Amino acid sequence: MHAPPTAPPRLSPRSGLRRSRRGRRSRIPGPAVIAALAAALLASVLAAPTAHGQNAQEIVGGGDLGPNVLVFDPSTPNIQGKVDEIFKQQESAQFGDGRYALFFKPGTYDNINAQLGFYTSIAGLGLSPDDTTFNGDVTVDAGWFNGNATQNFWRSAENLALNPVNGTDRWAVSQAAPFRRMHVRGGLNLAPDGYGWASGGYIADSRIDGQVAPYSQQQWYTRDSSVGGWNNAVWNMTFSGVEGAPAQSFPNPPYTTLDTTPVSREKPFLYLDGDAYKVFVPAKRVNARGTSWGNGTPQGGSIPLDRFYVVKPGATAETINAAVEQGLHLLFTPGIYHVDRTIDIDRADTVVLGLGLATIVPDNGVTAIRVGDVDGVKLAGLLVDAGPTNSDTLVEVGPAGASARHADNPTSLQDVFVRVGGAGAGRATTGMVINSNDTIVDHTWIWRADHGEGVGWETNRADYGFQVNGDDVLATGLFVEHFNKYDVRWSGENGRTIFFQNEKAYDAPNQAAIQNGDTKGFAAYKVDDSVNNHEGWGLGSYCYFNVDPTIRQDHGFQAPVKPGVRFHDLLVVSLGGKGQYEHVINGTGSPTSGSDTVPSQVVSFP
C-alpha cells in the first residue's frame, strides 16, 4: 500500500496571528507562527513514511559486491585452486543454493582452465573482451552426468579472450547457458567429451576465429557474431547477423541464416574504469551484423556503480522498490531472493542486472518482477523461480492494455530465465507476459521442470509459458518447454521470432489431459486467429510423451492462414517415438512416425 505522508499538525486560528488595524487577520504570520510552521514541516518530513511504509531514509548506492563475487587479477595467488574449489561444489548442484560470479580484471592469465558448474558466471572486467586474456580455457563438460550434456543449464561466460591450450575450447551446454561477448582465438567445440547428447544453446556478440563444431548439439542460435566456420548441423541451426555463417540451406543441412538481426541490444555488463566499477549499457543496433566491440569503443553509455543499489541476500522487495523510486538502478549480487511483493520497475531506462544467476522467488503468489509501460528498461541476468503458491505471472512487461510506443528506446530482456518446479514445488499460470510494444526478448529459457523436486502434471502446474500481447515484439533465441497447455501464445501484431526451441510436456498422463476441444494437444507455438502479421525463422518443437507414448499432437505450430503470417524453416521431432505429431503447422507437413528421431519439416508457410 502507498501510505499518505503524515500531515503537519494544524495550528489554532489564535496561535499568534496578528490582526490589522481594521480588526481583520493579517495575511502575514508573525515570527512565532513562522517558527512553529517550520518546526512542524520539518517534523513532518522526517517522520513521513516513504511510498513503501519506511521512514524516509536515503538508500546509498554502490558498495562491495558481496562474498559470492570473486575478483581476480593476474597477481592473485592460486587462482586455479579457487576456481576448482567452486567447480567442485557446483559441478552437479543442479538445484542447489550456491550462486557465484567470477570476475577477472584486465590483464593476461596463464595456465587457466576454468571449469564451470551450475549457477556460475565467469567474465572479464574490461570494456573489450580482448582486455582480459586467458592463455587457457573456460570449459563446460558433462562428466558429472556420464557424458550427457542435456542438463548443463544455468551458467555463463562473458567478455573474455581465450587462447585455448589445445587450440579449441569446449562449451558443451544446453539451455540457459549464454556465451556472450567472447573472443576465442581458436576453435569452439559445443559437444561433451565422447560426443554425448547435447541440447543447446546460444552465442551472441562473440568472435570465434576458428571452426565452431556443434557435433551432437540438436539445435543452436548464434546472433551478431563472427565465426571462422561452422562444420555440421543436427536439426536446427539458426544464425542472424553472423559473419562467416553457413549459407541458408534448410532443411539439408538445416541451416537458417539471416544476413542481419532486425533489432538488437547487447546485455549490460560490469567493468572497471581504472579502479572504479561501472556498468556499460550497449546501444540499440538496427540490422546488426558482427560484434558490437570489434571497431573501437562500443556504442552505448556507462553508469557508475554508486548509481546502483547493490542488492544482497536478505534485501526485501520493499527496499528494492524504494531504491528504484529513489532513482537508483539495481545490481543483484549472486544469491536467492524471496520477495513478498512484486518488484516494480516503473522508471524509464532503469537497468536491472543480475550476477551469478541471481534468483528471485515470489512468495504468496505474487508476480516476481513487473516492468511499467516505460521506455528503455534493461532487465538482464536473472532466474525467476516460481514459489509453491500459484502466481498468475512470474515476469510481466507492461500492464494489461499497454499502448505506448517504444520503438526508439525499447525495453529489453536478456538472459532472463523462468523456472516452475525442479528446485521444489512451484506453480504459475503463465511464466512471462509481454504487454509493452516493441519489447526485445533476447535469449530466454522458460521452463516447467520435467525433473528434480516438486515435479508432476498437477504438482508444478503451469499452463502457459510465454504470452505476447504487445505489438512489434521481437524474440531472438526463444526457448520454452513443457507447459501444460500452450508453450507460446502470440496475440500481438507484427511479432517476430528468430529461433525457437521447444519440448512439449513429457508428463501428460493421457490423451484426454491435453485435449484442446476438437484438437489433439495444444500447439507449442500458437499465433491467434486475430493476428494479421507475424513472422518466424528456425522454429522446432519436439515431443517425448514417456508416461503415455500413444499420445498424438495434431501439430506443433498453429497460425492463421493470411498473407502477413509467414514462417520459415519449421520442424517437429518425435524423440524416440514417444508420442507423435500428425502435422508440422496446422494441417501442413507430414506426420512423424515410428521410433525414428527424424524431423518432419516445412520450409515455408503458407
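From a predicted model like this one, the values you see are computed outputs, not experimental measurements.
- One finds no salt bridge joining D463 and R489 here, because no Lys/Arg side-chain nitrogen approaches an Asp/Glu carboxylate oxygen to under 4.0 Å.
- Taking the six-membered ring for Trp and thresholds of 30 and 60 degrees, F269 and F280 have ring planes inclined between 30 and 60 degrees apart.
- Using a 3.5 Å distance cut-off with no hydrogens or angles, the side chains of D548 and N510 do not pair a donor with an acceptor.
- Ion pair R170/D137 not flagged as a salt bridge, since none of the NZ, NE, NH1 or NH2 atoms sits closer than 4.0 Å to an Asp/Glu carboxylate oxygen.
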Any chance you could lay out the ring pair (Phe, Tyr, Trp, His ring centres under 6.0 Å) test for F479 and F417, step after step, and finish with the verdict? CA-CA 9 Å; F479 299 74; F417 308 126; 8.9 Å; no
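- Atoms OG1 and CD, on T592 and Q553 in that order, are 10.0 Å from each other to the nearest 0.5 Å.
- Here E85 pairs with K82 in a salt bridge; the nearest charged N to carboxylate O distance falls below 4.0 Å.
- A salt bridge links E535 and R566; the closest N-O separation between the charged side-chain nitrogens and carboxylate oxygens is under 4.0 Å.
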Give the intermediate values and the outcome of side-chain contact (heavy atoms from CB on, under 4.5 Å) for residues N189 and D169. CA-CA 6 Å; N189 183 346; D169 192 61; over 6 Å; no
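- Side-chain contact check for F250 versus T257: every heavy-atom pair is 4.5 Å or farther apart.
- Using a cutoff of 4.0 Å between basic side-chain nitrogens and carboxylate oxygens, E243 and R207 are not scored as salt-bridged.
- R99 and N68 form no side-chain donor-acceptor contact under 3.5 Å, judged by distance and modelled atom types alone.
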Could you please spell out the steps behind the side-chain hydrogen bond (donor to acceptor under 3.5 Å, both in side chains) verdict for D569 and Q248? CA-CA 10 Å; D569 304 354; Q248 170 71 31; 2.9 Å; yes
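- Shortest non-hydrogen contact noted between I360 and A368 is CG2-CB, 4.1 Å.
- For W144, the CH2 atom sits in a packed shell: over 12 heavy atoms of surrounding residues, nucleotides or ligands are nearer than 6.0 Å.
- With a 4.5 Å cut-off on side-chain heavy atoms, V397 and V433 do not count as touching.
- The distance from the CD atom of Q90 to the CG atom of L357 is 10.0 Å, given to the nearest 0.5 Å.
- Taking CD1 of I446 as the start and CG of N502 as the end, the distance is 11.0 Å to the nearest 0.5 Å.
- N166 CG: more than 12 foreign heavy atoms inside a 6.0 Å radius.
- Between E582 and R552 there is a salt bridge, since a side-chain N of the basic residue sits under 4.0 Å from a carboxylate O of the acidic one.
- Side-chain atoms of L70 and I86, non-hydrogen and from C-beta on, do get closer than 4.5 Å to each other.
- For the residue pair N148 and T150, a side-chain donor N or O sits within less than 3.5 Å of a side-chain acceptor on the partner.
- Inter-residue side-chain proximity for V184 and P164 is flagged as met; some heavy-atom pair is nearer than 4.5 Å.
- No hydrogens or angles considered: a donor-acceptor pair under 3.5 Å links the side chains of W447 and D450.
- Checked against a 6.0 Å centroid threshold, the rings of F567 and H534 count as neighbours.
- Ring centroids of F134 and F104 are separated by less than 6.0 Å, placing the two rings close together.
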For side-chain contact (heavy atoms from CB on, under 4.5 Å), just list the numbers for F466 and V441, CA-CA rounded to whole Å, side-chain angles, deciding distance to a tenth of an Å, and then say yes or no. CA-CA 11 Å; F466 184 62; V441 181; 4.1 Å; yes
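- Minimum heavy-atom separation, A233 to Y255: CB-CE2, 3.5 Å.
- Between W154 and Y119, the angle of the ring planes stays under 30°, which puts this pair in the parallel group of the 30/60° scheme.
- Ion pairing of R419 with D385 is present here, as a side-chain N (NZ or NE/NH1/NH2) and a carboxylate O approach within less than 4.0 Å.
- The side chain to side chain contact (heavy atoms under 4.5 Å, CB included) test with V384 is passed by exactly one of V395, V361, T359: V395.
- For Y337 against A358, the heavy-atom pair with the smallest separation is CE1-CB, 4.2 Å.
- No hydrogens or angles considered: a donor-acceptor pair under 3.5 Å links the side chains of Q89 and Y100.
- Defined by atom type and a distance below 3.5 Å, a donor-acceptor pair is missing between the side-chain atoms of T132 and Y109.
- Considering every non-hydrogen atom in both N152 and A172, the closest pair reads ND2-O, 2.8 Å.
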Which is it for Y525 and F500 under the ring pair (Phe, Tyr, Trp, His ring centres under 6.0 Å) test, yes or no, and what are the steps along the way? CA-CA 9 Å; Y525 190 113; F500 171 64; 5.2 Å; yes
Test F239 against W230 for ring pair (Phe, Tyr, Trp, His ring centres under 6.0 Å), laying out the working first. CA-CA 11 Å; F239 309 83; W230 194 279; 4.9 Å; yes
Assess whether salt bridge (charged side-chain N to carboxylate O under 4.0 Å, His left out) is satisfied between R265 and D442, documenting all intermediate values. CA-CA 8 Å; R265 179 193 283 140; D442 178 48; over 6 Å; no
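- In this structure, a donor-acceptor pair under 3.5 Å is absent between the side chains of D205 and T291.
- Side-chain contact of E481 with W445: a donor-acceptor pair under 3.5 Å is present, judged by distance alone.
- Separation of the Y506 and H482 ring centroids falls under the 6.0 Å cut-off.
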After noting the C-alpha distance and the side-chain angles of W220 and W235, does the key distance pass the ring pair (Phe, Tyr, Trp, His ring centres under 6.0 Å) rule? CA-CA 9 Å; W220 199 277; W235 293 332; over 10 Å; no
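- Between D487 and K504 a salt bridge is recorded (basic side-chain N to carboxylate O distance below 4.0 Å).
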Verify side-chain contact (heavy atoms from CB on, under 4.5 Å) between Y464 and F483, making sure each step is shown before the conclusion. CA-CA 6 Å; Y464 309 105; F483 285 83; 5.7 Å; no
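- Under the side chain to side chain donor-acceptor pair (under 3.5 Å) rule, H183 has a single partner from D130, N159, T133, which is D130.
- Residues F605 and H568 place their aromatic rings such that the two centres sit no closer than 6.0 Å.
- Side-chain polar atoms of S199 and Q175 form a donor-acceptor pair below 3.5 angstrom.
- Across every non-hydrogen atom of R448 and A505, the tightest pair is NH1-CB, 3.8 Å.
- Between Y221 and Y202, the two ring planes are tilted [angle within 30° to 60°].
- Closest of all the heavy-atom pairs between P599 and T597 is CD-O, 3.8 Å.
- Using modelled atom types, one finds a donor on one side chain and an acceptor on the other under 3.5 Å when comparing N236 with T238.
- For the 3.5 Å distance criterion, the side chains of T261 and S240 qualify, holding a donor opposite an acceptor.
- Residues R180 and D415 are paired through a salt bridge, judged by an N-O separation under 4.0 Å between the basic side chain and the carboxylate.
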